[in-house]
Amino acid sequence: MDARACGSAQGLTPAWAIVPRGDGGVPLLERNDCPQRGRAQAHAARRAIEPEPAPRAASSCLTAEGALLRLDPRTVRIDADEAEALAEAALAHGGRAGLAAAVEAFTGDLLPEDRYAPWAEPRRERLTALRERTLVTLAAAHLAADCPEEAVAAAEQVLAVAAAEEEAHRLLIEAYVRQGLRRRAVAQYHLCREALDEEFGVRPGPETERLHRAALDTPPPASRSMGPTLPAVVRRPPGTPLRGRDGLLARLLAAGSPPVLLLTGEA
């Protein structure tokens, strides 16, 4: 990678983190035919990574191999590489714990300070797509484990950045149906339909339509039968006993007692 691709040797510092690893290191900077310029680039690259190197000491982060400078994998840690490796392993072997750990490894956007730099775009898009695929797989794993609430949380993270991801919408609809949340499932279908129409000009697929019909067929939750609400003075034990009324009060507070009971006699 030539320094001109990033504007300066100092600008290479973030760029190195997106270059794929190979042969035990990361290619950094091609030293050109001009030895003097190559030495200047190498010096600037080292100062960018190690602002205060020890005098005449070898770099702890850079190694030279032929015409290339490389980051030393023994001392340099690149979090994007670690997140990518975790996600690919989790997707290959499955398991909710591994998928959740992989999602946690994606700590934010790649190089946000270089958001519009063209040299960072391919790696950023790859990592974003990998995170979304990991989240979708995690949501599906939660549903398979009959944990719809966790599935909702994972699918919502996908839709926060990719509103037209139909699979995430499907997982949300199914999770809501399993929880008996009919209205939310139907509303999610319409959100999916609007997003797909706006971004791609298409309608939801057959599986999404099937889930929509299942949501419409889901019976509303049965209303809970509420017992009579007694006055607080009755529900709360009296400060002084009700002489001769213990039996009547027990009948009034017992389960299945009539909602109204007339008491007669002296107070």
Side-chain angles (χ1 to χ4, degrees), residues 79-110 112 115 121 123-227:
D79 56 357
D81 286 347
E82 293 178 355
E84 187 173 20
L86 278 173
E88 289 176 346
L91 289 169
H93 303 295
R96 291 194 295 161
L99 290 165
V103 169
E104 290 296 323
F106 290 94
T107 55
D109 290 338
L110 177 71
R115 190 177 304 279
E121 193 62 28
R123 185 79 191 280
R124 180 179 294 113
E125 290 179 353
R126 171 176 168 76
L127 289 172
T128 299
L130 185 59
R131 178 179 180 270
E132 291 174 10
R133 186 153 49 96
T134 305
L135 278 166
V136 166
T137 305
L138 177 60
H142 283 318
L143 271 183
D146 198 23
C147 298
E149 295 88 353
E150 289 86 344
V152 167
E156 284 180 339
Q157 290 186 65
V158 178
L159 295 179
V161 295
E165 177 53 61
E166 186 176 3
E167 189 173 357
H169 283 287
R170 281 200 301 267
L171 289 164
L172 270 178
I173 295 170
E174 184 173 355
Y176 290 145
V177 168
R178 291 196 188 186
Q179 296 176 82
L181 302 175
R182 176 180 180 273
R183 290 186 179 181
R184 296 187 70 173
V186 173
Q188 193 65 47
Y189 165 80
H190 288 291
L191 288 174
C192 173
R193 183 170 175 171
E194 291 170 8
L196 290 174
D197 181 62
E198 181 178 346
E199 187 155 341
F200 303 118
V202 299
R203 291 175 59 89
E207 180 62 18
T208 307
E209 295 290 356
R210 182 193 69 77
L211 287 169
H212 180 223
R213 291 192 296 271
L216 292 174
D217 293 339
T218 301
S223 59
R224 292 182 296 176
S225 178
M226 300 296 291

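Just so you know, these numbers use all the heavy atoms, side chains as well, and skip hydrogens, waters and symmetry mates.
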The complete set of salt bridge (Lys or Arg N to Asp or Glu O under 4.0 Å) pairs with one or both residues in residues 134-145, sequence neighbours excluded, reads none
Contacts of Arg184 meeting salt bridge (Lys or Arg N to Asp or Glu O under 4.0 Å) (sequence neighbours excluded), chain-then-number -> none
With sequence neighbours left out, the residues meeting side chain to side chain contact (heavy atoms under 4.5 Å, CB included) with Asp79 are Arg77, Thr107
Between Val152 and Gln179, is any pair of side-chain heavy atoms under 4.5 Å apart?
yes
The side chain to side chain contact (heavy atoms under 4.5 Å, CB included) partners of Asp146 (sequence neighbours excluded) come to Pro148, Arg178
Pair Leu196-Arg203, side chain to side chain contact (heavy atoms under 4.5 Å, CB included): steps then yes or no:
CA-CA 6 Å; Leu196 290 174; Arg203 291 175 59 89; over 6 Å; no
Across all chains, not counting sequence neighbours, the salt bridge (Lys or Arg N to Asp or Glu O under 4.0 Å) partners of Glu194 are none
Applying ring pair (Phe, Tyr, Trp, His ring centres under 6.0 Å) to Tyr176 and not counting sequence neighbours gives none
In this structure, CG of Leu181 is separated from CZ of Arg183 (nearest 0.5 Å) by 11.5 Å
Separation between CG (Leu127) and CG (Asp109), nearest 0.5 Å, reads 10.0 Å
Taking the side chain from Thr134 and the backbone from Leu130, do they hold a donor-acceptor pair closer than 3.5 Å?
yes
Name every donor-acceptor pair, under 3.5 Å, that has one atom in a side chain of residues 83-99 and the other anywhere in the protein, sequence neighbours excluded.
residue	atom	partner	partner atom	Å
Glu84	OE1	Arg123	NH2	2.7
Glu84	OE2	Arg126	NE	2.4
Glu84	OE2	Arg126	NH2	2.7
Glu88	OE2	Arg126	NH2	2.5
Arg96	NH1	His142	ND1	3.0

All heavy atoms of Ala195 vs all of His169, minimum pair found to be CB-NE2, 4.4 Å
Asp197 meets the side-chain hydrogen bond (donor to acceptor under 3.5 Å, both in side chains) criterion, sequence neighbours left out, with none
Side chain to side chain contact (heavy atoms under 4.5 Å, CB included) filter on Thr218, not counting sequence neighbours, yields Val177, Arg182
More than 12 heavy atoms from other groups under 6.0 Å of CD on Glu198: no
**Prompt:** Hey, is Arg170 close enough to Glu174 for a salt bridge, meaning N to O under 4.0 Å?
**Reply:** no
CZ of Arg131 to CG of Leu110, rounded to nearest 0.5 Å, is 13.5 Å
Scanning both residues in full, the closest heavy-atom pair of Leu172 with Ala155 reads CG-CB, 3.7 Å
In this structure, CG of Leu135 is separated from CD of Glu165 (nearest 0.5 Å) by 10.5 Å
Residue set satisfying side chain to side chain contact (heavy atoms under 4.5 Å, CB included) with Ala100, at least two apart, ordered chain then number -> Leu138
Residues passing the side-chain hydrogen bond (donor to acceptor under 3.5 Å, both in side chains) test with Glu156, sequence neighbours excluded, are none
Note to self: Angle between ring planes, Tyr189 versus His212, binned at 30° and 60°: parallel, tilted or perpendicular?
What the structure shows: parallel
Sorted by chain and number, sequence neighbours left out, salt bridge (Lys or Arg N to Asp or Glu O under 4.0 Å) with Arg210 holds for Glu207
When rounded to the nearest 0.5 Å, the distance separating CD of Glu167 from CG of Leu159 is 11.0 Å
Heavy-atom closest pair (Glu132 atom, Ala162 atom, distance to 0.1 Å) is OE2-CB, 3.8 Å
